[in-house]
Structures are given as structure tokens and as C-alpha cells.
Amino acid sequence: WATTGKQATAKIKQNMDYLVSELGKCQDALGSGYLSAFPPSWFDRLESLKGVWAPYYTIHKIMAGLYDQYRIAGNNDALDMAVKMAGYFEKRIQNVFNVNTSARWEQVLNNEFGGMNE
């Protein structure tokens, strides 16, 4: 979007804002700050050291996209959504530490580390 110059910029910005708005409705409906195309139970599996594809990688991409919408396109709602997601995952990860110790979190990272480093 930022590289399109003045051509079609208004329509592209309108589409981006619409997408953020619709994702925000999904996040608000869930009520926890969580936002993804797959259920939180995938993280339950991951935290139980059961096989699951890379959910944190996907979460990282969603959050990075929301941050870009804020930073590049000036969409404040996108930043609010990313902050809500960060709050959800802060609580979730802290729970892993509280229930299972930091050793379990290290095991989780051995199974799925994509996105967590950023």
C-alpha cells in the first residue's frame, strides 16, 4: 500500500481498514483478545507437547500485519487489536510457567519456535 503512491490509494486504504474492522469484530466476539483462524485449543495441544503445526508462527504474522496497518497505514484500531493479542498470549504463556515451570516452556519452544523469537 505504501508504495502505490497516489494511484488507487484511497480504495486500497478503504479495503485495509475494512479488513481490520472485520477482524476486530471477530476478536471482540471472542472476548479474550485472541484472534486467529484456528481455535485456542491448538495452543493447548502445543503446551501439552502434542503435535500441532506452527500456531505461534501464524500469530506472529497476524500481529505483524496489524502492526504494519498501524505503523504504515495509521490504523489505530489495528494497534489496539495487536495489544489485545499480546495480552492474551502474555497470560497464556505465564500460565505455562505457573502450572508447568519454565522447563515446560523450553520444551514448547523446542516444538514450535517460529515467530516466538521476534
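Both backbone and side-chain heavy atoms feed into the values below; hydrogens, waters and symmetry mates do not. Small disclaimer: the values here were computed from a predicted structure and weren't measured.
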A.B. asks: Going by the angle between their ring planes, with limits at 30° and 60°, are Tyr34 and Phe89 parallel, tilted or perpendicular?
C.D. replies: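 Correct class here is tilted.
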A.B. asks: Ser41: which residues meet the side-chain contact (heavy atoms from CB on, under 4.5 Å) condition with it, sequence neighbours left out?
C.D. replies: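 Partners of Ser41 by the side-chain contact (heavy atoms from CB on, under 4.5 Å) criterion, ordered by chain and then number, come out as Pro39, Asp44.
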A.B. asks: Go through the structure and list residues passing side chain to side chain donor-acceptor pair (under 3.5 Å) with Glu90, not counting sequence neighbours.
C.D. replies: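 Checked Glu90 against side chain to side chain donor-acceptor pair (under 3.5 Å); zero matches.
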A.B. asks: Mind checking whether Gln69 and Met16 have side chains closer than 4.5 Å, heavy atoms only?
C.D. replies: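 They are in contact (side-chain heavy atoms under 4.5 Å apart), so the answer is yes.
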A.B. asks: Is the side chain of Arg104 donor-acceptor paired with the backbone N or O of Val96 at a distance under 3.5 Å, no angle test?
C.D. replies: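 The answer is no, because no donor-acceptor pair under 3.5 Å joins these two groups.
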A.B. asks: Going by atom type alone, with no hydrogens or angles, which donor-acceptor pairs under 3.5 Å involve a side-chain atom of residues 73-85 and a protein atom two or more places apart or on another chain?
C.D. replies:
residue : atom : partner : partner atom : Å
Asn75   : OD1  : Asp77   : N            : 2.9
Asn75   : OD1  : Ala78   : N            : 3.1
Asn75   : ND2  : Asp17   : OD1          : 3.0
Lys84   : NZ   : Asp28   : OD1          : 3.4

A.B. asks: Which pair of non-hydrogen atoms, one from Leu49 and one from Val108, has the smallest distance, and what is that distance?
C.D. replies: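 Leu49 and Val108 have their closest heavy atoms at CD2-N, 3.8 Å.
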A.B. asks: Can you tell me how far the CD atom of Glu106 sits from the OG1 atom of Thr101, to the nearest 0.5 Å?
C.D. replies: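 Glu106 atom CD to Thr101 atom OG1 measures 9.5 Å (nearest 0.5 Å).
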A.B. asks: Taking all non-hydrogen atoms of both residues, which atom of Ser36 and which atom of Ile59 are closest, and how far apart?
C.D. replies: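 Closest heavy-atom pair between Ser36 and Ile59: CB-CD1, 3.8 Å.
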A.B. asks: What is the minimum heavy-atom distance between Tyr56 and Arg92, and which atoms define it?
C.D. replies: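 Smallest heavy-atom distance, with atoms named: OH-CD, 4.4 Å.
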A.B. asks: If the condition is ring-ring contact (aromatic ring centres under 6.0 Å, His included), which residues does Tyr67 pass it with, not counting sequence neighbours?
C.D. replies: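 Tyr67 satisfies ring-ring contact (aromatic ring centres under 6.0 Å, His included) with no residue once adjacent residues are dropped.
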A.B. asks: Would you please say whether a donor-acceptor pair under 3.5 Å links the side chains of Gln94 and Asn98?
C.D. replies: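 Yes, a side-chain donor-acceptor pair sits under 3.5 Å.
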A.B. asks: Which residues pass the ring-ring contact (aromatic ring centres under 6.0 Å, His included) test with Tyr70, not counting sequence neighbours?
C.D. replies: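 Not a single residue meets the ring-ring contact (aromatic ring centres under 6.0 Å, His included) criterion with Tyr70.
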A.B. asks: Check side chain to side chain donor-acceptor pair (under 3.5 Å) between Glu22 and all other residues, then give those that pass, not counting sequence neighbours.
C.D. replies: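 Scan of Glu22 (side chain to side chain donor-acceptor pair (under 3.5 Å), adjacent residues dropped) gives Lys25.
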A.B. asks: Please report the shortest heavy-atom distance between Ser102 and Phe97, naming the atom on each side.
C.D. replies: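 For Ser102 and Phe97, the tightest heavy-atom pair comes out as CB-CE2, 3.2 Å.
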A.B. asks: Would you indicate whether the side-chain heavy atoms of Trp53 and Phe38 approach each other to under 4.5 Å?
C.D. replies: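 A side-chain contact is absent here, since even the closest heavy-atom pair is not under 4.5 Å.
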A.B. asks: Please step through side chain to side chain contact (heavy atoms under 4.5 Å, CB included) for the pair Leu35 and Leu30, ending with a clear verdict.
C.D. replies: CA-CA 8 Å; Leu35 177 63; Leu30 292 170; 5.5 Å; no
A.B. asks: Atom CE in Met63, atom CG in Asp68: separation rounded to 0.5 Å?
C.D. replies: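 One gets 12.5 Å once the value is rounded to the nearest 0.5 Å.
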